[in-house]
Participant: 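Here it is, the structure, as structure tokens.
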Amino acid sequence: MKGWYNIMDENKITLEFDDGGVVDCEILGLFDVKGVEYIAIAELDGDDVYLYRYVAGENEDDFEMVDIPDDEFDMVAKEFDAIMEQLKD
């Protein structure tokens, strides 16, 4: 999935998938791994969390979310898990 997403209602966005599915989500936050920014978002009505590369847009409310390549996804997911564990403490 690749596309421009506009933040709606502060920290909420709607994802539109290639198969036509639509999911309302909350932005959990941005985080950095080896100099690359990533975004974590969670379903509002579910338990799924989605991770994407984050690319800032021209306007402060616009950004691009790009699929994370398979060869770096595990590294990014581990960093996200570590951040979530720190927040629990």
Side-chain angles (χ1 to χ4, degrees):
M1 173 184 187
K2 182 177 178 179
W4 285 99
Y5 295 86
N6 191 9
I7 297 174
M8 14 171 269
D9 302 330
E10 298 179 23
N11 289 328
K12 295 183 177 84
I13 63 172
T14 298
L15 295 181
E16 296 180 17
F17 295 100
D18 294 337
D19 66 1
V22 176
V23 178
D24 290 326
C25 296
E26 176 182 12
I27 298 170
L28 298 177
L30 301 173
F31 61 103
D32 181 276
V33 179
K34 295 187 177 184
V36 179
E37 282 192 296
Y38 298 91
I39 187 169
I41 58 176
E43 285 184 324
L44 289 177
D45 297 326
D47 296 327
D48 288 339
V49 173
Y50 302 96
L51 303 175
Y52 293 96
R53 278 189 180 180
Y54 173 88
V55 180
E58 293 179 20
N59 300 315
E60 70 179 48
D61 289 342
D62 291 332
F63 57 93
E64 185 176 3
M65 295 188 323
V66 181
D67 283 336
I68 300 170
D70 291 341
D71 64 338
E72 67 185 60
F73 187 84
D74 286 342
M75 172 186 65
V76 174
K78 285 178 184 176
E79 181 65 23
F80 173 74
D81 289 342
I83 291 168
M84 296 308 291
E85 283 299 316
Q86 286 179 334
L87 293 175
K88 287 181 184 178
D89 295 339

Participant: Please report the shortest heavy-atom distance between L51 and A77, naming the atom on each side.
Facilitator: CD1-CA, 3.8 Å
Participant: Does some side-chain heavy atom of I27 sit less than 4.5 Å from a side-chain heavy atom of Y54?
Facilitator: no
Participant: Just verifying a value: how many Å separate L28 CG and E26 CD, rounded to the nearest 0.5 Å?
Facilitator: 6.0 Å
Participant: With heavy-atom distances below 4.5 Å as the criterion, would you say the side chains of D48 and V23 are in contact?
Facilitator: no
Participant: To the closest 0.5 Å, what do you measure between CD1 (I41) and CG (N11)?
Facilitator: 11.5 Å
Participant: Working note: Y50 + F17, criterion ring-ring contact (aromatic ring centres under 6.0 Å, His included); need CA distance, chi angles, decisive distance, verdict.
Facilitator: CA-CA 12 Å; Y50 302 96; F17 295 100; 5.8 Å; yes
Participant: With E72, which residues qualify under side chain to side chain donor-acceptor pair (under 3.5 Å), at least two apart?
Facilitator: Y38, R53
Participant: Is there a path of hydrophobic side-chain contacts, each under 4.5 Å between heavy atoms, that joins L44 and V49?
Facilitator: no
Participant: Within a 6.0 Å radius of atom CG on D45, are there more than 12 heavy atoms belonging to other residues, nucleotides or ligands?
Facilitator: no
Participant: Calculate, to the nearest 0.5 Å, the distance between atoms CD1 and CZ belonging to I13 and F63 respectively.
Facilitator: 4.5 Å
Participant: Has D71 got more than 12 heavy atoms of other residues, nucleotides or ligands less than 6.0 Å from its CG?
Facilitator: yes
Participant: Does a sphere of radius 6.0 Å around CG in D47 hold more than 12 heavy atoms from other residues, nucleotides or ligands, not counting ones at 6.0 Å or beyond?
Facilitator: no
Participant: Could you report the tightest heavy-atom contact between D19 and G21, atom names first, then the distance?
Facilitator: OD1-N, 2.8 Å
Participant: Using a 4.5 Å cut-off on heavy atoms from C-beta on, say whether the side chain of V76 contacts that of F31.
Facilitator: yes
Participant: Within this structure, what is the OH-CD1 distance for the pair Y52 and I68, rounded to the nearest 0.5 Å?
Facilitator: 9.0 Å
Participant: What's the spacing between K78 NZ and F73 CZ if we round to 0.5 Å?
Facilitator: 12.0 Å
